[in-house]
Amino acid sequence: RRAAGRSQHKGSAAAGATSPPGQARPGDAAAAAAPAAAAGAAWRAFSDNPDKAWAEKWFLAYSPVWPALFAAWSLSGWHLLAGDVGNMGVTVLIALPNLVVPALYCPSPGPWHQTYWFKFSLWIAVFSFVASYFFTEYFFDVLKMKYHFPHLRWNLDAVLVGSGRQVVPLMMYIHAWYFFMTYHCCSVIFIRLIRTSPLARAAPRVAQVVAVAFS
């Protein structure tokens, strides 16, 4: 027993020797890290990745601009006289800022093809093409949506999908691209707001339902 007691005493002394007065103990570091972790989980709209956050802010800032430009072009009546070339040209010009501005001003240190804005734009291009080519037929035949562009002749329509009573004007593929850029950017921001909100910490399942229902 005495040997065990001495051994125990030495162990205690050795443990105490690892944390002399004035020096932080390992437990103190963990305790100090807890508030920092809580601060990192603060309620936020934009990503904590600077590259991604910059892109989200730009896409969100341009989101009210392109509808205004497209509406102005449509209400002017010039679209009826411009034909396929003119309408396609204007649609491309409206879309270009979502590529040109990030390419010139995004402060990402990496190569352009590794930036978030480029990968996001590429993914939305693939998604919007598939949606325009295939899914539009569902809106035509089931939801009875109608496109009214009698002044346009350039179309790209699915041959084996849908009834074929309506066609998709070629310019709508470009229009769909910047529409879905806005849609998906806003969805990501909204989901992040829900996931980092007090609601997510108090009732995670409710927060998940809200995020899915409104995104």
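Predicted model, so just to flag it, every value in this text is computed and none were measured.
Under the 4.5 Å side-chain heavy-atom criterion for Ile, Leu, Val, Met, Phe, Trp and Tyr, Phe70 and Leu75 are members of distinct hydrophobic clusters. Note on Ile124: it clusters hydrophobically with Val130, by side-chain heavy-atom contacts below 4.5 Å among ILVMFWY residues. Cluster membership check: Ile174 shares its hydrophobic cluster with Val90, using side-chain heavy-atom separations under 4.5 Å among Ile, Leu, Val, Met, Phe, Trp and Tyr. Follow the hydrophobic side-chain contacts under 4.5 Å out from Val188 and you never reach Leu193; the two are in separate clusters. There is a path of hydrophobic side-chain contacts, each under 4.5 Å, that joins Met172 to Leu156.
For the atom pair OH of Tyr116 and CG of Asn49, the computed distance is 9.5 Å after rounding to the nearest 0.5 Å. For the atom pair Ser47 OG and Arg192 CZ, the distance stands at 5.0 Å (nearest 0.5 Å). The NE2 atom of His184 sits 8.5 Å away from atom CZ of Phe179, with the distance rounded to the nearest 0.5 Å. Summarising the geometry, atom OG1 belonging to Thr182 is positioned 5.5 Å from atom CH2 belonging to Trp66; distances are rounded to the nearest 0.5 Å. Once rounded to the nearest 0.5 Å, the distance linking CG of Asp51 with NZ of Lys119 reads 8.0 Å. With values rounded to the nearest 0.5 angstrom, Ser128 atom OG is found 8.5 Å from Trp177 atom CH2.
Side-chain contact between Phe118 and Pro102 is absent, with no heavy-atom pair separated by less than 4.5 Å. Side-chain contact between Tyr133 and Val168: absent, with no pair of heavy atoms (C-beta onward) separated by less than 4.5 Å. The side-chain heavy atoms of Phe149 and Met171, taken from C-beta on, include a pair separated by under 4.5 Å. Residues Trp54 and Tyr105 form a side-chain contact, since some pair of their non-hydrogen atoms from C-beta on lies under 4.5 Å apart.
Ring to ring, Tyr178 and Tyr62 are not that close: their centroids are 6.0 angstrom or more apart.
Across every non-hydrogen atom of Ala61 and Val65, the tightest pair is O-CG2, 3.9 Å. In terms of heavy atoms, Thr136 sits closest to Met145 at CG2-CE, 3.9 Å. Across every non-hydrogen atom of Asn87 and Gly83, the tightest pair is ND2-O, 2.7 Å. Annotation for Met88 and Leu170: closest pair CE-CG, 3.4 Å, computed over non-hydrogen atoms. The two residues Cys185 and Leu60 have their closest heavy-atom pair at SG-N, 4.2 Å.
Among residue pairs with one or both ends in residues 137-156, those qualifying as side-chain hydrogen bond (donor to acceptor under 3.5 Å, both in side chains) are Asp141-Ser163; sequence neighbours excluded.
Arg195 meets the salt bridge (charged side-chain N to carboxylate O under 4.0 Å, His left out) test with no other residue; sequence neighbours excluded. With sequence neighbours excluded, the residues forming a side chain to side chain donor-acceptor pair (under 3.5 Å) with Trp58 are Asn98, listed by chain and number.
A donor-acceptor pair shorter than 3.5 Å can be found between the side chains of Trp117 and Thr115.
Around atom CZ of Phe180, more than 12 heavy atoms belonging to other residues, nucleotides or ligands sit under 6.0 Å away. By the neighbour-count criterion of 12 heavy atoms within 6.0 Å, atom CG of Leu160 is sparsely surrounded, having that number or fewer from other residues, nucleotides or ligands.
A donor-acceptor distance shorter than 3.5 angstrom exists from the side chain of Thr196 to the backbone of Arg44, with no hydrogens or angles considered.
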Check the pair Lys52, Phe120 against side-chain contact (heavy atoms from CB on, under 4.5 Å), reporting the backbone distance first and the verdict last.
CA-CA 9 Å; Lys52 187 174 182 178; Phe120 182 76; over 6 Å; no
